[in-house]
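First up is the structure itself, then whatever we jot down about it.
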There are 2 protein chains.
Amino acid sequence: MKKQEQIEDAVVDIILSEGAFAVSTVKVAKKVGISQSNVYLYFKNRDDMLMSVYQRQIKRIQSRVDFKQLGDVSIPIETRVKMYVRSVYDFSKENPQGLTVIQQIKFLMGQVDFGPAIDFVKLNEVVPKLIKEAARQRLIKPMPASVLMAMVFAVISTNINNVKKGEYSKDQYSFEDLFALVWEGIKL
Amino acid sequence: MKKQEQIEDAVVDIILSEGAFAVSTVKVAKKVGISQSNVYLYFKNRDDMLMSVYQRQIKRIQSRVDFKQLGDVSIPIETRVKMYVRSVYDFSKENPQGLTVIQQIKFLMGQVDFGPAIDFVKLNEVVPKLIKEAARQRLIKPMPASVLMAMVFAVISTNINNVKKGEYSKDQYSFEDLFALVWEGIKL
DNA sequence: GTTGAAAAAGATAAGTCTATCTGTTATAGT
DNA sequence: ACTATAACAGATAGACTTATCTTTTTCAAC
């Protein structure tokens, strides 16, 4: 495995065990087994390292999204919203710590400002468009896409966290169950 | 104003401007205008200081909740769920940065473990009871209370953040609008 | 095998932070 | 006025960090 990836994995490890604020070049280097100064061969600085990890996770979510279909007006809107929720859900199942990592880094960098549009990039364009279209057609309530996205994120990540904590099995609540919570909330 | 409160206010300031991880005794002392060592006259250590701020916010939310009514079986369940959501909503309106502060500190301490039941204390007992009762009566879908609470939190804090960012006025979405998003999602 | 570049380690300056300890000033009670 | 205590400031040890600069090692090309 490439050293840069090893470093990124080490960052994820530390985020999950100690939190994003605890990530330091010293700890990362120790975990990978390289000297601290060499971290700077692969990343400009600490923030750059964190951002790289963040964007890797975002890419993984977005790789599950079929943006073409999401913008395809011939597909019913409910189906498209469902597709979006499903991709977040699938990501959370395959990568249970992924949403935590995203949240952690976002929180760490959030205040500081890490550029306007670095966030969910494409999703932050496509989903609002979808929501607006649906609202115009009076299929869903008028609402900001950010609220919908936050709901989806909250439901899915709380569920996966409960599973991780062993509060119930991962099959206790199906995707349909979780989707219903969101969809019936927003539909008109 | 009591010095301890001044310190807690300074902590909130720093959390809002730089994030919880950036809170240090040095910065806090500078903000209040006391010497750094004196912070330790009011708090056992840094974590104690953060926890104190956290619990102050929680108390402020809980002071809005009528726990007696919330557990009163003679009141319809929808009304009681609504009461709960309303108290979080009212808190967010009166104290727009309150939810951010809670989230920030939770994130910071979250990984480390700051005791099992320190969280929303009473709310973390009463709301799950309410949800279970409602589910048993087949009024709402069976679901963990944590998911409901996360939804409520997500909707309300995203809305207030959008308002703070100036994306729309605080009256754009009424309490009823936001409540509908949650209630219609969970009801059977 | 020599050379030159890339990859790594080492050393270090400069900064921040926590927590404690030691003094000093203010203040209340007597 | 005196004293005990609370409130405060100052100093400092010890840990950690970041980012840079210097030196060593590795290794491929010639």
Side-chain angles (χ1 to χ4, degrees), chain A residues 1-56 101 104-115 118, chain B residues 1-56 101 104-115 118:
Chain A
M1 196 174 17
K2 277 229 165 97
K3 206 127 274 180
Q4 179 168 345
E5 280 181 65
Q6 285 179 262
I7 293 176
E8 286 167 349
D9 289 346
V11 170
V12 169
D13 269 10
I14 296 170
I15 287 177
L16 293 175
S17 58
E18 301 178 60
F21 66 95
V23 172
S24 78
T25 55
V26 174
K27 284 186 197 158
V28 165
K30 198 170 287 171
K31 228 173 184 34
V32 175
I34 58 174
S35 90
Q36 180 261 346
S37 59
N38 286 12
V39 172
Y40 290 84
L41 295 174
Y42 305 96
F43 302 97
K44 211 176 118 270
N45 53 36
R46 178 176 173 273
D47 281 3
D48 184 47
M49 181 173 72
L50 260 340
M51 280 303 304
S52 182
V53 172
Y54 181 83
Q55 288 187 309
R56 192 175 65 157
V101 171
Q104 280 279 334
I105 299 181
K106 216 175 161 179
F107 250 99
L108 191 69
M109 313 294 267
Q111 313 305 89
V112 184
D113 164 36
F114 62 166
I118 305 192
Chain B
M1 192 172 22
K2 279 231 164 92
K3 207 127 271 185
Q4 180 168 344
E5 280 180 68
Q6 286 180 260
I7 293 175
E8 286 167 349
D9 289 346
V11 170
V12 168
D13 269 10
I14 297 171
I15 287 177
L16 293 175
S17 60
E18 301 178 60
F21 67 95
V23 173
S24 77
T25 55
V26 173
K27 285 186 197 159
V28 165
K30 198 169 288 170
K31 226 171 186 38
V32 175
I34 59 175
S35 91
Q36 179 260 344
S37 59
N38 287 10
V39 172
Y40 290 85
L41 295 173
Y42 305 96
F43 302 97
K44 213 177 116 271
N45 51 40
R46 179 175 174 272
D47 281 4
D48 185 46
M49 182 174 73
L50 260 341
M51 281 301 305
S52 182
V53 173
Y54 180 82
Q55 289 187 311
R56 191 175 67 157
V101 171
Q104 280 278 334
I105 299 182
K106 217 174 160 178
F107 249 99
L108 191 68
M109 314 294 267
Q111 314 303 90
V112 182
D113 163 34
F114 63 165
I118 304 189

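Throughout, protein chains are lettered first and strands after them, A, B, ... in sequence-line order, and every chain is numbered starting at 1.
Inter-residue side-chain proximity for B:I7 and B:I34 is flagged as met; some heavy-atom pair is nearer than 4.5 Å.
Among the nucleotides C:dT18, C:dT20, C:dA9, the one closest to any side-chain atom of B:S37 is C:dT20. Of the candidate nucleotides D:dA9, D:dA19, C:dT18, D:dA9 has the atom lying nearest to any side-chain atom of B:N38. For B:Y42, the listed nucleotide lying nearest its side chain is D:dA7; candidates were C:dT20, D:dA7, C:dT18. Of the listed nucleotides (C:dA11, C:dT18, D:dC8), C:dT18 has the atom at the smallest distance from the side chain of B:Y40.
If you measure from atom CG of B:N45 to atom C1' of C:dC17, you get 13 Å, rounded to the nearest angstrom. Here C:dC17 presents its C1' atom at 14 Å from CG of B:L108, a figure rounded to the nearest Å. In this structure, B:Q36 atom CD and D:dA9 atom C1' are separated by 11 Å, rounded to whole Å. Taking atom NZ on A:K44 and atom P on D:dT18, their separation rounds to 14 Å, with Å as the unit. The CG-P distance, from B:D47 to C:dA19, rounds to 8 Å in whole Å. With rounding to whole Å, B:R46 atom CZ is found 13 Å from D:dC16 atom C1'. Regarding B:F21, its CZ atom lies at a distance of 14 Å from the C1' atom of D:dT17, rounded to whole Å. Following rounding to the nearest Å, A:F43 (CZ) and D:dT20 (P) show an atom-to-atom distance of 16 Å.
Of the side-chain N and O atoms in A:K3, one or more sit less than 4.0 angstrom from OP1 or OP2 of C:dA8. Contact check, A:S24 against D:dC16: no side-chain N or O comes under 4.0 Å of OP1 or OP2. Close to C:dA8, at under 4.0 Å from its OP1 or OP2, lies no side-chain N or O of A:S35.
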Assess the residue pair B:D9 and B:R56 against the criterion (side chain to side chain contact (heavy atoms under 4.5 Å, CB included)); give the C-alpha distance rounded to whole Å, side-chain angles, the decisive distance to 0.1 Å, and a yes or no. CA-CA 11 Å; B:D9 289 346; B:R56 191 175 67 157; 2.9 Å; yes

Passes side chain to side chain contact (heavy atoms under 4.5 Å, CB included), B:E8 versus B:Y42? Steps please. CA-CA 10 Å; B:E8 286 167 349; B:Y42 305 96; over 6 Å; no

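Contacts of A:K27 with the nucleic acid, taken as non-hydrogen atoms under 4.0 Å apart, involve only primed sugar atoms and P, OP1 or OP2. Residue B:L41 is classed as a base contact, given a heavy-atom separation below 4.0 Å to a base.
Using a 4.0 Å cut-off between charged side-chain N and carboxylate O, B:D13 and B:K27 make no salt bridge.
No donor-acceptor pair under 3.5 Å is formed between the side chain of A:Q6 and the backbone N or O of A:V32.
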